[in-house]
Amino acid sequence: MNRLPHPSLLPAVPAPAPRSAARRPLDLRVHAQRIQIDELIVTDPRTVLAHARTAAHHDPDTAALVGYSTTTPLTLPAAAALLCSLHAPDELANTGLRLVRHVTRTTAATQHRDPVVLELTDAPEEAGR
């Protein structure tokens, strides 16, 4: 007859090691992307060009990316692009540019499903309206 020994006679079993509190995140293969677009218009071309020339002297590497060099003057589109890349939208009003519309587009998708797209648009209120 096989009898089990009394529990007090069994060897001690070590307690299980505590699990680490930091777990790896669950990978669901969901990819999300957010793009923010500020649409601006030129309100004063001379002011835009003057501010852009000053900015080009302070940051010649960024100015070179839009085609500026000592032998090539800035075009109005290049000047506007340079100012937009160096300044926050709320700072651009003093440089001859005005914010017309702000768009935030968010996309989230998995490999097996169509993406979910959310687009939020707002136009700033104009003073005097």
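Sequence positions, counted from 1, serve as the residue numbers for this chain.
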Query raised in the report: In terms of side-chain heavy atoms, does Asp38 have a donor or acceptor partner in His102 at a distance below 3.5 Å?
Result: yes
Report summary line: Residues passing the side-chain hydrogen bond (donor to acceptor under 3.5 Å, both in side chains) test with Gln33, sequence neighbours excluded, are none
Query - Full working for side-chain contact (heavy atoms from CB on, under 4.5 Å) between Leu74 and Leu82 - result: CA-CA 9 Å; Leu74 282 168; Leu82 177 62; 4.2 Å; yes
Report task. Hey, could you give me the CD/OG1 distance between Glu39 and Thr121, rounded to the nearest 0.5 Å? Result -> 9.5 Å
**Report entry** Straight-line distance of Asp122 CG to Thr104 OG1, nearest 0.5 Å
**Finding:** 7.0 Å
**Report entry** Spacing of CD1 belonging to Ile35 relative to OG1 belonging to Thr106, to within rounding of 0.5 Å
**Finding:** 9.0 Å
Requested in this report: Report the distance from atom CZ of Arg101 to atom CD1 of Ile37, rounding to the nearest 0.5 Å.
Outcome: 7.5 Å
**Report entry** side-chain contact (heavy atoms from CB on, under 4.5 Å) assessment of Leu76 paired with Leu49
**Finding:** CA-CA 7 Å; Leu76 186 57; Leu49 289 169; 4.2 Å; yes
Report task. Give the minimum heavy-atom separation between Leu92 and Cys84, together with the two atoms involved. Result -> CD1-SG, 3.9 Å
Requested in this report: Just jot down the side-chain hydrogen bond (donor to acceptor under 3.5 Å, both in side chains) partners of Arg53, sequence neighbours excluded, or say none.
Outcome: none
Report task. Measure across Ala79 and Val48 and return the closest heavy-atom pair with its distance rounded to 0.1 Å. Result -> CB-CG1, 3.9 Å
**Report entry** Value rounded to 0.5 Å, distance of CG in Leu97 from NE2 in His87
**Finding:** 9.5 Å
Report task. Could you go through the side-chain contact (heavy atoms from CB on, under 4.5 Å) check for Leu40 and Val100 one step at a time? Result -> CA-CA 5 Å; Leu40 300 112; Val100 177; 5.7 Å; no
Query raised in the report: Can you list the residues that meet the side-chain hydrogen bond (donor to acceptor under 3.5 Å, both in side chains) rule with Thr62, with sequence neighbours excluded?
Result: Asp59
Query raised in the report: Just by distance, do the side chain of Thr54 and the backbone of Ala50 share a donor-acceptor pair under 3.5 Å?
Result: yes
Query raised in the report: Is there a side-chain contact (heavy atoms from CB on, under 4.5 Å) between Leu120 and Val103 once you walk through the steps?
Result: CA-CA 6 Å; Leu120 302 172; Val103 178; over 6 Å; no
Report task. Return the minimal non-hydrogen interatomic distance between Tyr68 and Pro73, and the atom names on each side. Result -> CD1-C, 4.3 Å
Query raised in the report: Counting distance only, does the side-chain N/O of His51 pair as donor-acceptor with the main-chain N or O of Ala80 below 3.5 Å?
Result: no
